[in-house]
Protein chains: 2
Amino acid sequence: MQALGFEHHDHHRCKREALAAAEEHCARHRLNFTPVRRRVLELLLEGHRAMGAYEILDTLREEGLGAQPPVAYRALDFLVTNGFAHKIERLNAFVACMHPGEDHTPAFLICRACDAVAEAHADPARGFLGQAVRETGFVVEQAVVEAVGLCPGCAEART
Amino acid sequence: MQALGFEHHDHHRCKREALAAAEEHCARHRLNFTPVRRRVLELLLEGHRAMGAYEILDTLREEGLGAQPPVAYRALDFLVTNGFAHKIERLNAFVACMHPGEDHTPAFLICRACDAVAEAHADPARGFLGQAVRETGFVVEQAVVEAVGLCPGCAEART
DNA sequence: CTTGATATGTTACAGGATAACGTTTATCAA
DNA sequence: TTGATAAACGTTATCCTGTAACATATCAAG
C-alpha cells in the first residue's frame with residue numbers, strides 16, 4: 001500500500017481535480033504554471049506518495065525537462081510555496097496536497113511499515129500546541145505536524 | 001538570543017540536572033553512558049540551541065573523541081533513543097531535551113529570526129491531531145510537532 | 001579464557017540541497 | 001518596434017546530511 005489516503009478513492013479524479021485547482025489558482029494569481037512545474041505536480045499526483053527530489057529529477061531527466069537538481073528543487077519550491085504540495089521533513093520528501101485551495105495546517109500520518117502517507121488536518125485553533133505554548137507569546141506562522149506509526153492495514157496485518 | 005527556552009533561567013543548573021538525570025537513567029537501565037555520549041550531551045546542553053551533527057563532530061574532533069561522522073551520529077542516536085535529546089527535523093539539527101525522564105511528546109517553537117528553539121509539550125490526549133484522524137484507525141507511535149514563527153523577543157523587535 | 005554483546009574507529013559513498021552565474025523567455029512601457 | 005526588466009530555466013560546482021560496511025577494542029558472563 002502506498003496510497004496517500006488510507007481509504008480507497010478515485011485516483012484519476014483526484015489527479016484531475018488537483019491539476020485543475022492548481023491551474024485555476026495560477027491563472028487567478030498571475031502565477032506561471034510552466035511545463036516543468038506542471039509536470040512535477042503531475043508526478044506527485046501520479047506517484048501518490050512521498051517522493052524525493054532526486055526521484056522526481058530522474059523522471060524529468062528522462063523526459064528532457066531538466067537534468068540538474070535545481071530544476072527539480074525550484075519546481076518543488078514553487079509548488080510548496082503555493083500550497084500545491086507539501087514537504088515531509090521526516091522523509092526529506094514531497095507529496096501533492098490533498099486539499100489545495102483550502103487554508104490548512106496539514107498533519108501527516110506516516111506508516112513506518114508501508115511508507116504510505118495520509119494528509120489530515122491539524123487544528124491550530126483547538127490548540128494542538130496546548131495552552132502553555134500560547135502563554136509564551138510565541139507567534140506561530142507555520143507548523144509541521146508529522147506522526148509516525150502504523151496505518152490501519154499494516155496494524156491489522158501484525159495482529 | 002539563542003536560548004532553548006525563551007525565558008531566562010539558570011543555565012548551569014539545568015545542565016547539571018540534565019546530566020544527572022541522564023546518568024541516573026543510564027545506571028537504572030544498564031545503559032552505557034560512555035565518554036563520547038556524555039560529551040555530546042554536554043555540548044548540546046552547553047550550546048543550548050539546535051546543533052548540527054557536523055558542528056558537534058568538529059568539537060569531538062578537536063578534543064580527540066572521534067573524527068568521523070558515524071561517531072557523532074551514533075552518540076546522537078543513543079541520546080535521542082533514550083530521550084536525552086531530540087532531533088529537529090526542520091533544521092536537521094539536535095537539541096538537548098528539557099524534560100528528561102518525563103514521558104512527553106515534544107513540540108518545538110523555532111524562531112525564524114534568531115534561531116532560538118523552545119521545547120514545549122504537545123498534548124496528544126487533547127487530540128492535536130483532531131478527531132478525524134483518530135477515526136482513520138491510524139496508530140500513532142511517535143509524533144513530530146514543529147512550529148516556525150517569531151519568539152516573543154523578535155516579535156516585539158519588529159513592531 | 002573464550003564467547004558474545006556492545007561500543008568505537010575508519011573508509012567510502014549515497015542522498016539532499018543550494019550558491020552562483022549565464023542564458024532564455026515573457027512582459028510592458030516608451 | 002525596441003529596449004528594459006523580471007521571471008524562469010540551464011549548468012557547474014560544491015556543501016551538508018547521513019549511512020553501509022567492515023575492522024578493532026572493550027567488557028561481562030559462562
Side-chain angles (χ1 to χ4, degrees), chain A residues 22-23 26-27 29-41 43-44 47 49-82 84-95 112 115 144 146 148, chain B residues 22-23 25-27 29-41 43-44 49-82 84-95 115 144 146:
Chain A
E23 223 149 53
C26 286
H29 293 77
R30 311 255 157 92
L31 293 169
N32 216 335
F33 199 43
T34 66
V36 182
R37 291 169 178 178
R38 185 196 178 87
R39 187 65 187 126
V40 172
L41 180 53
L43 289 172
L44 288 176
R49 61 196 168 82
M51 300 175 79
Y54 280 68
E55 185 183 352
I56 287 166
L57 180 58
D58 286 342
T59 306
L60 292 181
R61 192 176 281 139
E62 282 169 18
E63 300 178 353
L65 276 172
Q68 266 57 46
V71 173
Y73 280 102
R74 287 197 281 235
L76 287 166
D77 278 353
F78 173 86
L79 297 175
V80 169
T81 299
N82 294 290
F84 306 139
H86 299 291
K87 178 171 188 185
I88 313 283
E89 298 289 344
R90 178 86 194 204
L91 303 175
N92 294 320
F94 300 82
V95 283
R112 67 172 163 79
D115 288 323
V144 171
E146 297 172 6
V148 177
Chain B
E23 224 148 53
H25 182 273
C26 287
H29 293 77
R30 312 254 157 92
L31 294 169
N32 216 335
F33 199 43
T34 67
V36 181
R37 291 169 177 178
R38 187 196 177 87
R39 186 65 187 126
V40 171
L41 179 54
L43 289 173
L44 289 176
R49 63 197 165 81
M51 299 175 80
Y54 279 70
E55 185 183 353
I56 287 166
L57 180 58
D58 285 343
T59 305
L60 293 182
R61 192 175 281 138
E62 283 168 18
E63 300 178 354
L65 277 172
Q68 267 58 45
V71 174
Y73 280 102
R74 289 195 281 234
L76 287 165
D77 278 353
F78 173 85
L79 297 175
V80 169
T81 299
N82 295 289
F84 307 140
H86 299 290
K87 178 171 188 187
I88 313 283
E89 297 290 343
R90 177 86 193 205
L91 303 175
N92 293 320
F94 300 82
V95 283
D115 289 322
V144 171
E146 297 172 6

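Residue numbers start from 1 in every chain, and the chains themselves are labelled A, B, ... in the order their sequence lines are given, proteins ahead of strands. No experiment lies behind these values; they were computed from the predicted model shown.
For A/Gly66 and B/Pro69, each mapped to the nucleotide of DNA chain D holding its nearest heavy atom, the one lying further toward the 5' end belongs to A/Gly66. Each of B/Asn32 and A/Asp77 has a nearest nucleotide on DNA chain C; the 5'-most of these lies closest to B/Asn32.
Taking atom CG of residue B/Leu91 and atom P of nucleotide C/dT18, one finds them 13 Å apart after rounding to whole Å. Counting to the nearest Å, the P atom of D/dA8 and the CZ atom of A/Arg38 are 17 Å from each other. Look at CD on A/Glu89: it is 13 Å from P on C/dG16, rounded to the nearest Å. Between the CG atom of A/Leu31 and the C1' atom of D/dA6 there is a distance of 14 Å, given to the nearest Å. To the nearest angstrom, P of C/dG22 lies 17 Å from CD of A/Gln68. Atom CG in B/Leu60 sits about 13 Å away from atom C1' in C/dG9, given to the nearest Å. D/dT11 atom P lies 10 Å from atom CZ of A/Arg61, rounded to whole Å. Remark: C1' of C/dA17 and CZ of B/Arg90 are 14 Å apart, rounded to the nearest angstrom.
Distances shorter than 4.0 Å separate some side-chain N or O of B/Asn92 from OP1 or OP2 on D/dG18. OP1 or OP2 of D/dG18 sits under 4.0 Å from a side-chain N or O of B/Lys87. Side-chain N/O atoms of B/Tyr54 include none lying less than 4.0 angstrom from OP1 or OP2 on D/dT17.
Note on B/Leu65: only backbone sugar-phosphate atoms sit closer than 4.0 angstrom, heavy atoms only; bases stay farther off. At a threshold of 4.0 angstrom between heavy atoms, the contacts of A/Arg37 are confined to the sugar-phosphate backbone, with no base atom among them.
In terms of modelled atom types and a separation under 3.5 Å, the side chain of A/Arg61 and the main chain of A/Ala67 share a donor-acceptor contact.
The listed nucleotides are C/dT8, C/dT18, C/dA17; the one nearest the side chain of A/Pro70 is C/dT18. Distances were taken from every side-chain heavy atom of B/Tyr73 (C-beta onward) to each of D/dC9, D/dT17, C/dT10; the shortest belongs to D/dT17. Comparing atom distances between the A/Thr34 side chain and each of D/dA8, D/dT11, D/dG18 picks out D/dA8 as nearest.
Ionic pairing of A/Asp77 and A/Arg74 is not present here: no N-O contact between side-chain nitrogen and carboxylate oxygen is shorter than 4.0 angstrom.
With A/Val71 as the partner, the side-chain contact (heavy atoms from CB on, under 4.5 Å) test is satisfied by one option alone out of A/Ile56, A/Leu76, A/Leu60, A/Leu65: A/Leu60.
The two residues B/Ala75 and B/Val40 have their closest heavy-atom pair at CB-CG2, 3.8 Å.
Atoms CZ and CG, on B/Phe33 and B/Asn82 in that order, are 10.0 Å from each other to the nearest 0.5 Å.
Side-chain to base pairing of B/Arg74 with D/dG18: no donor and acceptor N or O lie closer than 3.5 Å to each other.
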